[in-house]
Amino acid sequence: MHTSLPDFDMPNEEQVHLAAETFRLLADPTRIKVLWALLQGESSVACLAELAGAAPTAVSQHLAKLRLAGLVKGRREGTFVYYSAADDHVRRLLRQALFHADHIDRNLSDGPTSRPVT
């Protein structure tokens with residue numbers, strides 16, 4: 001039935017698995033706060049912990065998982081590691097998720113969000 005539709009396409013199993021894993025990793029409020037902060041610029045674990053309102057050890061564990069998933073990257077400078085978002089895909093993904101949350105929360109139409117999500 002669907003295959004008779006023009007341009008019908010399904011993602012392959014690997015794509016589906018990787019997308020589901022990305023969404024699973026983003027299903028945590030601390031990780032969303034950390035990623036949002038990293039989209040503003042690179043930061044240390046201590047700074048991210050303060051911004052996210054979480055313990056540095058917890059933030060470090062979140063960052064390790066996000067790094068393994070390719071959502072963040074680290075840059076070592078001496079004994080410190082500074083983290084940043086991996087690429088613009090992360091920005092777009094997070095922006096869309098927050099826009100969608102704002103849309104549901106405020107029962108808005110498809111117009112622009114009332115708060116800036118850059």
Side-chain angles (χ1 to χ4, degrees):
M1 175 164 120
H2 289 80
T3 55
S4 65
L5 297 172
D7 299 324
F8 180 79
D9 189 26
M10 288 289 289
N12 66 43
E13 289 300 315
E14 183 178 0
Q15 290 171 316
V16 170
H17 175 74
L18 291 173
E21 181 65 13
T22 297
F23 285 127
R24 186 185 70 76
L25 284 169
L26 293 176
D28 182 281
T30 299
R31 289 184 190 147
I32 291 193
K33 289 176 187 178
V34 165
L35 274 175
W36 189 254
L38 291 175
L39 290 172
Q40 315 309 307
E42 73 175 10
S43 188
S44 68
V45 171
C47 184
L48 291 168
E50 184 179 325
L51 289 169
T57 54
V59 169
S60 184
Q61 291 172 359
H62 286 302
L63 285 165
K65 291 176 183 178
L66 292 169
R67 189 180 54 77
L68 287 172
L71 297 171
V72 301
K73 57 186 176 182
R75 177 182 65 81
R76 184 170 294 281
E77 191 173 295
T79 59
F80 291 96
V81 177
Y82 294 94
Y83 291 91
S84 60
D87 55 35
D88 201 48
H89 294 113
V90 175
R91 176 181 303 281
R92 289 193 304 266
L93 183 62
L94 203 52
R95 183 184 310 141
Q96 285 297 315
L98 291 169
F99 180 82
H100 182 70
D102 197 35
H103 178 83
I104 291 171
D105 184 45
R106 298 170 188 255
N107 209 10
L108 300 173
S109 66
D110 285 335
T113 181
S114 59
R115 68 173 182 247
V117 179
T118 56

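Values below: every heavy atom of this structure, side chains too, minus hydrogens, waters and symmetry copies.
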* Asked: Is there a donor-acceptor contact under 3.5 Å from the side chain of D88 to the main chain of R91?
  -> no
Side-chain donor-acceptor pairs of residues 64-78 under 3.5 Å, sequence neighbours excluded:
from	atom 1	to	atom 2	distance (Å)
R75	NE	E42	OE1	3.2
R75	NE	E42	OE2	3.4
R75	NH1	E77	OE1	2.7
R75	NH2	E42	OE2	2.4

* To do: Return each pair, listed once, that meets salt bridge (Lys or Arg N to Asp or Glu O under 4.0 Å) where at least one residue sits in residues 2-17; pairs must be two or more places apart or across chains.
  => none
* To do: For the residue pair V34 and H62, establish whether any side-chain heavy-atom pair is separated by less than 4.5 Å.
  => no
* To do: Determine whether L98 and W36 make a side-chain contact, defined as any pair of heavy atoms from C-beta on separated by less than 4.5 Å.
  => yes
* Structure fact -> Heavy atoms of L39 and A85 approach each other most closely as CD2-CB, 3.5 Å
* How many angstroms lie between atom CZ of R92 and atom CZ of R95, to the nearest 0.5 angstrom? -> 8.0 Å
* Sequence neighbours excluded, every pair satisfying salt bridge (Lys or Arg N to Asp or Glu O under 4.0 Å) that has a member inside residues 52-64 -> none
* Structure fact -> In short, side chain to side chain donor-acceptor pair (under 3.5 Å) pairs touching residues 18-29 with sequence neighbours left out are E21-R24
* Any chance you could pull the hydrophobic cluster mates of Y82, using side-chain heavy atoms under 4.5 angstrom and chaining through other members? => F80
* Please write out which residues are connected to V16 in a hydrophobic cluster, directly or through intermediates, given that two of Ile, Leu, Val, Met, Phe, Trp, Tyr count as joined at side-chain heavy-atom separations below 4.5 angstrom. => none
* Any ring-ring contact (aromatic ring centres under 6.0 Å, His included) pairs touching residues 5-33, not counting sequence neighbours? -> H2-F8
* **Validation row: L63, V81 side chains within 4.5 angstrom (heavy atoms)** => no
* Under 3.5 Å, side chain of Q40 to main-chain N/O of A37, donor-acceptor pair present? -> no
Atom pairs and distances, donor-acceptor, side-chain atoms in residues 45-60, under 3.5 Å, two or more places apart:
none

* Between R31 and L25, what is the shortest heavy-atom contact and its length? -> CD-O, 2.9 Å
